[in-house]
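The structure appears right after this line, and notes come after that.
We name chains A, B, ... by the order of the sequence lines, and we start the count at 1 in each one. As the structure is a prediction and not an experimental result, all values here were calculated from the model. We use all heavy atoms of the structure for the numbers below, so side chains are in, but hydrogens, waters and symmetry mates are not.
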Amino acid sequence: MVTTRSTLRTQEMLLNMGPHHPSTHGVLRLILRLDGEVVEEVFPDIGYLHRGIEKIGESLTYKQFIPYTDRVEYLASMNVNHLYCMAVEKLAGIEVPERAEYIRVIMTELNRIISHIIGCGALAMDLGAFTPFLYGVVEREKVNDLFEMTCGQRLTYNYMRIGGVSQDLPEGFVEKTYAFLEEMERRWDEINRLITENEIFVQRLADVAVLTEADALSYNITGPNLRASGVDWDLRRDMPYSVYDRFDFDVPIGKGERGTVGDCYDRYLMRVRETYESLKIVRQALDGLPEGEVQAKVSKVFKPPKGEVYMRAENPRGEMAVYIESDGSTKPSRIKFKTPSFNSLGVFNKICRGQMLSDLVAVIGSFDIVLPEVDR
Amino acid sequence: MSNAFKKFIRAVTLVDLFKGLALTGSVWVRSIITPRQVLVTRPYPEVKRPAFPNFKGHHGFLLNEDGSLKCVGCGICAGVCPAKAIRVYTEEGKDHEKVVVGYEIDAFRCIYCGFCQEACPKDAIVLTRLYELADYDNRACYRWKMDRLVEVGKKRPLFRDEVNL
């Protein structure tokens with residue numbers, strides 16, 4: 001590891017990174033205290049994208065809030081849709097038809113794939129490699145077409161409904177998805193050949209901003225970032241929701257292949273490997289797709305019983321959770337989202353100390369944060 | 001030590017560089033031999049991709065076979081709209097029936113969720129496949145009145161140049 005803390009001390013300097021810095025993945029302002037080029041402290045200043053989605057939810061009915069959940073995290077709308085609908089179904093005790101559950105899993109995993117494409121591509125782009133991002137977007141476009149075929153939207157899908165999905169899969173969806181899976185496996189290999197083993201890329205990421213297992217657990221880091229630190233925990237396998245217990249997939253764990261366990265390179269590798277696992281899950285779900293209804297019977301004026309529910313799910317960025325409190329009326333009395341990127345931002349100050357300023361870009365990219373999700 | 005030697009050899013012979021160039025070159029060749037119509041990046045105004053049948057684009061208002069509005073002015077669409085983008089204006093007619101006199105969609109508020117289409121008991125409002133929403137008239141651009149919606153509903157156009165709004 002390169003020693004970044006020099007014995008020479010220069011004058012301290014405060015520097016604003018953002019809010020319009022292109023590599024902060026949204027509108028994020030990092031206030032940096034620098035000693036020369038070495039980062040002494042990082043204060044993330046958030047709230048630029050706060051839209052009050054949780055408060056909006058209190059004035060809308062349960063069904064009307066579904067399009068707003070798309071906008072909590074726009075790179076993985078299906079996953080948030082799924083999470084919210086699961087929470088309301090748990091609250092009201094609604095049984096979802098089996099076909100709908102399979103369709104949901106297919107959709108969420110496809111969305112996880114395209115989210116990881118953007119995550120890996122944006123990281124490479126921040127480090128100066130523009131090509132992997134463009135190649136990735138080509139594949140993302142195909143999934144967007146699949147989504148447009150199914151639900152008519154390309155970014156904010158609004159596909160899931162309470163008790164099922166809005167409409168059945170269109171004709172030709174299954175064949176097109178099989179074709180995409182085959183194509184994607186080859187293309188993803190190609191994209192990885194560009195960067196994963198590239199010496200410059202590895203040097204920029206290995207041993208940078210190491211997140212230890214203890215830190216990851218105490219800061220409540222979840223998802224690929226947690227697994228990169230060597231913790232074997234995946235909600236889909238360990239506390240299966242929906243129909244995830246029927247699928248066979250591996251959970252990649254960070255082993256510190258080119259540096260220390262929990263460095264930026266491990267976090268990047270987790271996303272690469274998880275994409276292959278997601279491809280596996282989609283293939284199995286398509287193979288076992290049952291026939292039948294896609295929507296359970298839900299009354300038009302939907303009133304869940306009084307009570308509260310807490311539901312969590314494994315999203316591309318980590319565990320996202322939703323808490324809903326119902327007072328027995330048509331509108332929820334409180335909705336609260338627990339989002340993974342918020343926790344990832346919290347650990348920045350801990351792990352970025354002593355790193356070079358130019359490595360900070362790699363750290364932001366490797367955590368794959370999405371700012372609307374942080375601010376809601 | 002051997003690892004460092006390997007690294008050195010790779011750095012000197014520029015293996016990584018040529019590997020990368022071979023890959024980007026193959027993708028470039030592939031992009032040339034692919035026909036323009038199915039390329040992911042299309043030269044947009046010349047090559048337009050029609051949206052899928054399920055696409056949720058510009059709203060359209062459907063008519064009965066005799067040319068009257070299908071809409072009965074129940075206002076369910078305005079009720080289910082999460083963005084409160086729809087306004088329905090009704091009046092009492094000659095035989096004390098409900099007459100729809102105005103219908104307005106605020107295009108700035110609309111989030112194209114499609115709840116209005118799902119909720120409509122008469123299937124009067126649909127989201128068509130028209131996705132080119134730009135307009136020369138700034139008012140017409142964000143307040144979609146009844147005549148514009150009927151025009152789109154009649155033709156259900158794929159592209160903007162097929163309809164005169």
Side-chain angles (χ1 to χ4, degrees), chain A residues 56-57 59-71 129-132 134-135 137-142 144-159 161 166-173 176 187 189-195 197-203 300-301, chain B residues 3-4 6-28 30-31 34 38-42 49-58 76-85 109-119 121 126-129 131:
Chain A
I56 290 172
S59 62
L60 297 171
T61 62
Y62 284 92
K63 195 188 163 193
Q64 278 181 330
F65 188 61
I66 297 171
Y68 283 88
T69 60
D70 293 330
R71 284 144 178 93
F130 205 84
T131 323
L134 293 180
Y135 287 8
V137 165
V138 171
E139 300 311 309
R140 183 174 186 262
E141 189 70 19
K142 289 171 192 161
N144 274 347
D145 278 357
L146 288 175
F147 284 156
E148 189 190 329
M149 244 171 105
T150 319
C151 57
Q153 293 290 30
R154 298 174 65 81
L155 189 69
T156 50
Y157 309 112
N158 183 24
Y159 181 51
R161 293 284 182 277
S166 71
Q167 50 206 307
D168 206 347
L169 296 176
E171 218 160 282
F173 178 88
K176 274 197 176 178
R187 293 283 169 274
D189 283 342
E190 238 175 37
I191 293 165
N192 287 325
R193 244 190 296 148
L194 275 175
I195 44 174
E197 289 301 318
N198 187 303
E199 202 53 39
I200 302 166
F201 189 71
V202 175
Q203 295 272 323
K300 277 234 161 118
V301 184
Chain B
N3 212 359
K6 253 187 214 165
K7 251 187 205 174
F8 174 74
I9 292 293
R10 277 174 74 175
V12 168
T13 53
L14 301 174
V15 173
D16 284 342
L17 179 70
F18 287 113
K19 264 184 176 170
L21 280 179
L23 179 54
T24 46
S26 71
V27 174
W28 176 63
R30 200 161 61 218
S31 76
T34 316
V38 292
L39 262 182
V40 166
T41 312
R42 296 179 191 81
R49 184 184 69 104
F52 287 97
N54 276 347
F55 189 76
K56 293 171 191 155
H58 197 300
I76 290 178
C77 48
V80 297
C81 183
K84 300 182 177 63
R109 295 198 69 109
C110 181
I111 57 174
Y112 302 93
C113 62
F115 279 163
C116 47
Q117 183 185 7
E118 277 175 38
V126 287
L127 292 167
T128 61
R129 294 158 77 182
Y131 59 82

* Among all residues two or more places apart in sequence or in another chain, which pass the side chain to side chain contact (heavy atoms under 4.5 Å, CB included) test with A/Phe130? ->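 For A/Phe130 the side chain to side chain contact (heavy atoms under 4.5 Å, CB included) partners, ignoring immediate neighbours, are A/Met125, A/Leu134.
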* To do: Please step through side chain to side chain contact (heavy atoms under 4.5 Å, CB included) for the pair A/Thr156 and B/Tyr112, ending with a clear verdict.
  => CA-CA 9 Å; A/Thr156 50; B/Tyr112 302 93; over 6 Å; no
* Asked: Non-hydrogen atoms of chain B under 4.5 Å away: do they reach the side chain of A/Lys63, the backbone, both or neither?
  ->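 Backbone plus side chain of A/Lys63, per the 4.5 Å heavy-atom cut-off to chain B.
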* **Heavy-atom proximity to chain B below 4.5 Å, by part of A/Arg187** =>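 Contact with chain B is through the side chain of A/Arg187 alone.
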* Hey, does the side chain of A/Tyr68 reach the backbone of B/Pro82 with a donor-acceptor pair shorter than 3.5 angstrom? ->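 Indeed, once roles are kept as given, a pair shorter than 3.5 Å links the two residues.
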* Asked: Between B/Asn54 and A/Cys151, is there a donor-acceptor pair closer than 3.5 Å when you use the side chain of the first and the backbone of the second?
  ->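 A pair under 3.5 Å: no.
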* Asked: Of all of A/Arg71, A/Lys142, A/Arg161, A/Arg154, which one pairs up most often with chain B through heavy atoms under 4.5 Å apart?
  ->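 Counting heavy-atom pairs under 4.5 Å, the top option is A/Arg161.
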[atom2] on [Y] to [atom1] on [X], rounded to 0.5 Å:
X        : Y        : atom1 : atom2 : answer
A/Glu148 : B/Lys56  : CD    : NZ    : 11.0 Å
B/Leu23  : A/Thr131 : CG    : OG1   : 9.0 Å
B/Phe55  : A/Gln153 : CZ    : CD    : 6.0 Å

* To do: Indicate the atoms forming the closest heavy-atom contact of A/Asp145 with B/Phe52, along with that distance.
  =>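 Nearest heavy atoms, A/Asp145 then B/Phe52: O-CE1, 3.7 Å.
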* **B/Ile111 to A/Pro67 - nearest heavy-atom pair and separation** =>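 Residues B/Ile111 and A/Pro67, closest heavy atoms: CD1-CB, 3.6 Å.
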* Interchain contact, B/Ala119 with chain A, by part (heavy-atom threshold 4.5 Å) ->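 B/Ala119 has no heavy atom closer than 4.5 Å to chain A.
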* To do: Please say whether more than 12 non-hydrogen atoms of neighbouring residues, nucleotides or ligands are located less than 6.0 Å from CG in B/Leu21.
  =>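 Yes - once you tally the heavy atoms of other residues, nucleotides and ligands closer than 6.0 Å, there are more than 12.
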* **Residue list, side-chain hydrogen bond (donor to acceptor under 3.5 Å, both in side chains) with A/Thr150, at least two apart or on another chain** =>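 Scan of A/Thr150 (side-chain hydrogen bond (donor to acceptor under 3.5 Å, both in side chains), adjacent residues dropped) gives none.
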* Charged N to carboxylate O below 4.0 Å: is that the case for B/Arg49 and A/Glu141? ->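 No, this pair does not count.
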